[in-house]
Amino acid sequence: MNSKLAILGGKPIFDKLLSITRPSLPEIEEIKSELQDTFNSGIITNGKYVVEFEQRCAEYLGVENVIAVSNATTGLMLVEKALGLNGEVLVPTFTFTATCLSLKWNNLESVYVDCNPKSFTIDPVAVEKAIAGNTCAILAVCIFGNPPDIEPLDKLAKDYRLNLIFDSAHGFGTKYKNRLIGNFGDAEIFSFTPTKILTTGEGGLITTNDKKLAQKIQLMRNYGIESDYDCEYIGLSARMLEFSAILGLKNLNKVEEVINFRNKLAQDYRTKLSSLPGIEFQEINNDCRSTFKDFAILIDEEKFGLNRDELALALEKENIQTRKYFYPPVHLQKVYRHFYPKYKEEFVNTLKISNNIICLPIYGDMKEDDLEKVCKAIYQIQLHSDEIKKKIGSCHV
Ligand SMILES: *Cc1c(COP(=O)(O)O)cnc(C)c1O
């Protein structure tokens, strides 16, 4: 890129917008006969394809019981309800808002916990400090595909007799200590929305090795009804469509390929960006595998020359889409912050990450050439940071 940066009046490096994410999808032809089959049978929800998809997911993850649901948020709501939680739940504030709103729908109090500054996942030491008399559960979250530190969390849950749930929305294919997640805690919940690793359009999956819990949730995803209309449990209407399961079955065949490719892209980003000053990366342990649902970098304004928002603006002008995941952290969001004014000054690690993070484009069929162009743009932006800062500053006055 020899030409001028777009923010300084040049032509954008991309003619068309480079999206931050795109779902990996099969060709329409590949799912035509299965779709025709469902239309012929008239069974378009919670039928044989959902059963097959559940079996294949259980095999892939190596878990005893799985329940497909309409999305991960209802999955979280169902698990919390089925476990009969009552009291305070320890949860990271560096997460997507759905983690916490599932608790609100169950009238559970969220007690926020800071994250580890390197892994971005909930800090087990902070968890232990936050345990109080009415703590009933820990809800840990897989962040961008990086698993939380499960072993110490598991030990705390056992020692203090707490339930342990994992929001594994980003973690379909994530490994912790070389083992696929899906088997940990009381239950885990995966998401299949289009921004996640494996998509079914909309959808989610609950996994558990507790057979009784699984049976209960299976009824609860269908209002809580067994055979008649004499309702057994307070359930939800949370079934998965046959269309979703058909899509999921095709995508499952390629999920390992997609994850390996995302890992390659993430490695390329790291190699290409690591020589720039003021860029930090999320650390993934050697015995873990991230799905790289997102690829995040942290910007140190003093060293890089621009802050995160200025970099995002300069990239936007180049037609490169970025996102600030997760900003603001949950405890500072409009609907939650008035409940918790006392938290304002806390969570040092979360605030540092949330204020400086920017996620770059990454998806299953991203062109390596496009990644190269994103890195070149960041290089040029850093090189001209003084000029850009002046330009942005003068626009504001
Ligand atoms: C996407 C997401 C959810 C919600 O998933 P849905 O399937 O859209 O309900 C929950 N938690 C996290 C961390 C997520 O990223």
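Being a predicted model, the structure only gives us computed values, none of them experimental. Start at 1 and go down the list; that is how both ligands and their atoms are numbered.
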(Q) Check for me whether S102 has a heavy atom closer than 4.0 Å to any atom of ligand 1. (A)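 For ligand 1, residue contact (heavy atoms, under 4.0 Å) with S102 is absent.
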
Q | contact_flag K293 ligand 1 heavy-atom lt 4.0 Å | A |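 No, K293 has no heavy atoms under 4.0 Å from ligand 1.
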
Q: Go through the steps to decide whether D294 and R323 satisfy the test salt bridge (Lys or Arg N to Asp or Glu O under 4.0 Å), and finish with yes or no.
A: CA-CA 10 Å; D294 293 293; R323 285 272 158 78; over 6 Å; no

Which of the numbered atoms in ligand 1 are under 4.0 angstrom from any heavy atom belonging to [X]?
X	answer
S191	5 (O), 6 (P), 7 (O)
A98	3 (C), 4 (C), 10 (C)
G203	7 (O)

Counting only heavy atoms closer than 4.0 Å, does ligand 1 sit against the backbone of [X], its side chain, both, or neither?
X	value
N71	both
T73	both
A169	side chain

Protein residue, atom and distance nearest to [atom], heavy-atom basis:
atom	answer
atom 11 (N) of ligand 1	D167 OD2, 2.7 Å
atom 14 (C) of ligand 1	K196 NZ, 3.3 Å
atom 15 (O) of ligand 1	H170 NE2, 2.6 Å

Q: Grab the two heavy atoms, one from Y176 and one from P152, that are nearest each other, plus how far apart they are.
A: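 Result for this residue pair: OH-CD, 4.2 Å.
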
Can you check whether [X] has an N/O within less than 3.5 Å of an N/O in ligand 1?
X	value
T95	no
T193	no
E202	no

Q) Going by heavy atoms in the side chains, are P329 and L351 under 4.5 Å from each other? A)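 Counting from C-beta outward, P329 and L351 do come under 4.5 Å.
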
**Q.** Pair F326 + F144: ring centers closer than 6.0 Å
**A.**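 Ring centres of F144 and F326 closer than 6.0 Å.
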
Q) On the ring face of F14, is K373 found with NZ or CZ under 6.0 Å from the centre and within 45° of the axis? A)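 Yes; both conditions hold, so K373 lies above the ring face of F14.
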
Q) Is the backbone N or O of D114 less than 3.5 Å from a side-chain atom of D123, with the two atoms forming a donor-acceptor pair by type? A)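 Checked: no pair found.
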
(Q) Tell me whether E54 is salt-bridged to R221, with the criterion being a basic N under 4.0 Å from an acidic carboxylate O. (A)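 Judged by the 4.0 Å cut-off on N to carboxylate O distance, E54 and R221 do form a salt bridge.
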
**Q.** T74-N71 side chain donor-acceptor pair, cut-off 3.5 Å
**A.**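 Per modelled atom types, T74 and N71 side chains form a pair under 3.5 Å.
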
Q. Would N222 and R239 count as having a side-chain donor-acceptor pair, cut-off 3.5 Å?
A.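 Yes - a donor-acceptor pair under 3.5 Å links their side chains.
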
